Amino acid sequence: MANFAKSNVPRFSVDVYQNEYLPEGGGEVDAIVTVTATGGGTVGDAVPAPARPAAPPSAAVAVMVDCSGSMDYPPAKMRGARDATAAAIDTLRDGTRFAVIAGTHVAQEVYPGGGRLAVADATTREQARQALRRLSAGGGTAIGTWLRLADRLLSAADVTLRHGILLTDGRNEHESPEDLRATLDACAGRFTCDARGVGTDWDVKEVTGIASALLGTADIVADPGRLAADFTRMMETAMGKEVADVALRVWTPAGAALRFVKQVAPSVEDLTGRRTEAGPRAGDYPTGSWGDESRDYHLCVTVPPAGLGQEMLAARVSLVVPQPDGTAQNLGAQGLVRAVWTDDLAASTAMSPQVAHYTGQAELVQAIQQGIDLRKAGDFDGATAKLGRAVQLANASGNADTAKLLAKVVDVVDAATGTVRLKTRVTEADEMTLETRSTKTVRVKK
């Protein structure tokens with residue numbers, strides 16, 4: 001484990017959990033890599049922060065508010081959106097650049113307008129609140145146009161962190177899925193974005209797909225009256241970020257290859273397809289912005305089999321911040337994944353508790369999503385089997401939050417065996433909440 005700190009940059013550490021022992025002929029290595037960021041504003045390696053804390057990093061935020069016609073049904077959605085946006089703006093720290101965008105089948109600047117960003121202070125916050133009162137519902141939904149405007153506004157700011165918050169209550173009916181995907185591809189890596197669905201008439205896969213592509217969070221706010229609290233929490237988290245665009249750099253030796261790289265806590269996110277090459281046998285996997293926090297990643301590496309008693313470095317993991325000129329700032333933390341061949345059957349067949357736990361959490365996510373899809377398709381036997389397996393996995397891993405959500409969709413007969421019955425009546429909000437939050441995991445028990 002290594003540490004590194006720089007002014008306004010948290011100190012990062014990397015810990016690797018694995019069973020490095022392979023049987024003769026074995027060629028696959030699994031490891032859980034825990035990345036932790038602590039103590040932003042420190043200077044030097046393991047040097048205490050100065051008495052006077054460093055200034056927080058500069059930031060720009062765009063809030064995208066759905067103003068399509070359906071936001072007036074019921075009117076509480078539009079009122080909740082205005083109140084939530086005002087609450088988010090109140091949470092901005094002074095000096096943060098910000099803008100508010102009204103989204104329909106087109107995107108319009110609500111505040112400050114003129115292709116600019118405002119600078120947060122008492123005056124601009126009050127001006128923004130006045131502008132929010134003029135928001136009204138009418139028109140269609142083309143989310144890609146909202147994101148493209150947000151990108152133009154945010155990219156014009158010379159800041160360290162760029163973030164968006166997107167709220168919608170409906171489906172993206174006025175542009176093609178291909179147009180939205182192209183927009184997400186264009187915006188990826190330029191800013192992060194949290195996405196929220198209010199009510200129950202929106203598409204879970206659309207909203208979660210936006211958050212996934214832009215390395216943000218997704219959630220449902222079924223009750224518009226709870227939007228303000230949710231927006232406040234989101235903005236507090238955004239204001240707590242200290243370094244943007246951190247990448248997990250993974251180097252593998254000749255003959256070795258990465259099967260996959262997945263974030264597995266606090267939620268499951270497959271990063272395998274997002275690799276960008278970073279020199280000979282190295283690739284970068286984006287992780288977004290960081291504050292004081294810890295995340296877990298699952299790496300699976302194939303290695304060429306070696307003789308008994310041989311060992312090799314299967315992968316080296318480090319953290320970097322890619323720079324515009326193609327170079328990268330190394331954050332100094334490093335972890336090593338090893339492979340050792342042995343004829344000790346007990347050693348080679350033991351599974352790391354961390355690997356076992358997160359393998360189960362990934363299966364839990366898949367079982368929930370498959371179960372919900374089967375239920376929607378009318379395959380109730382298949383849905384019962386998948387959701388029963390999800391209940392069993394949630395129970396075994398101590399994922400109490402997910403277990404509670406599952407209990408709103410199935411009647412649990414025996415959690416340990418996964419014996420369940422589908423409920424005959426399930427509210428749309430309960431099913432959407434389970435689907436939206438299905439990727440959230442619990443950390444491995446220490």
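Keep in mind the model is a prediction, meaning the values are calculated, not measured.
- The number of heavy-atom neighbours closer than 6.0 Å to OH of Y73, taken from other residues, nucleotides and ligands shown, is 12 or below.
- Side-chain N or O atoms of Q370 include none that pairs as donor or acceptor with a backbone N or O of K386 at under 3.5 Å.
- Remark: the backbone N or O of G115 is paired with a side-chain donor or acceptor of E109 at under 3.5 angstrom.
- Residues T36 and R11 have side chains that never bring a donor and an acceptor to within less than 3.5 angstrom of each other.
- For Q366, the CD atom sits in a loose shell: 12 or fewer heavy atoms of surrounding residues, nucleotides or ligands are nearer than 6.0 Å.
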- Taking it one step at a time, do Y358 and R443 satisfy side chain to side chain contact (heavy atoms under 4.5 Å, CB included)? CA-CA 8 Å; Y358 285 121; R443 306 298 289 270; 3.5 Å; yes
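- Of the possible polar contacts, none joining the R259 side chain to the T302 backbone as a donor-acceptor pair under 3.5 Å is found.
- With 3.5 Å as the limit, one finds a donor-acceptor pair spanning the side chains of Q361 and S397.
- Checked by atom type, the side-chain pair E269/S212 shows a donor-acceptor distance below 3.5 Å.
- P57 and L161 get closest at one heavy-atom pair: CG-CD1, 3.6 Å.
- Counting heavy atoms from C-beta on, the side chains of Q18 and V29 come closer than 4.5 Å.
- Taking a cutoff of 4.0 Å between a charged side-chain nitrogen and a carboxylate oxygen, R437 and D219 qualify as a salt bridge.
- Within a 6.0 Å radius of CG in D94, other residues, nucleotides and ligands contribute more than 12 heavy atoms.
- Using a 30° and 60° split on the angle between ring planes, W290 and F12 fall in the perpendicular class, above 60°.
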Checklist entry - What's the verdict on salt bridge (Lys or Arg N to Asp or Glu O under 4.0 Å) for K77 and D66, showing C-alpha distance, side-chain angles and the deciding distance? => result CA-CA 10 Å; K77 285 194 287 189; D66 191 336; over 6 Å; no
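- Contact between M239 and V61 at its shortest, heavy atoms only, is CE-CG2, 4.0 Å.
- Atom NZ of K404 sits in a sparse spot, with 12 or fewer heavy atoms from other residues, nucleotides or ligands closer than 6.0 Å.
- The existence of a salt bridge linking K376 and E435 is confirmed by a sub-4.0 Å separation between a basic side-chain nitrogen and an acidic carboxylate oxygen.
- Residue R162 comes nearest to A157 through the heavy atom pair NH2-O, 2.6 Å, listed as atom of the first residue, atom of the second, then distance.
- Note on D230 versus R233: salt bridge recorded, some NZ/NE/NH1/NH2 to OD/OE distance being below 4.0 Å.
- Side-chain contact of H174 with T141: a donor-acceptor pair under 3.5 Å is absent, judged by distance alone.
- The number of heavy-atom neighbours closer than 6.0 Å to CZ of R116, taken from other residues, nucleotides and ligands shown, is above 12.
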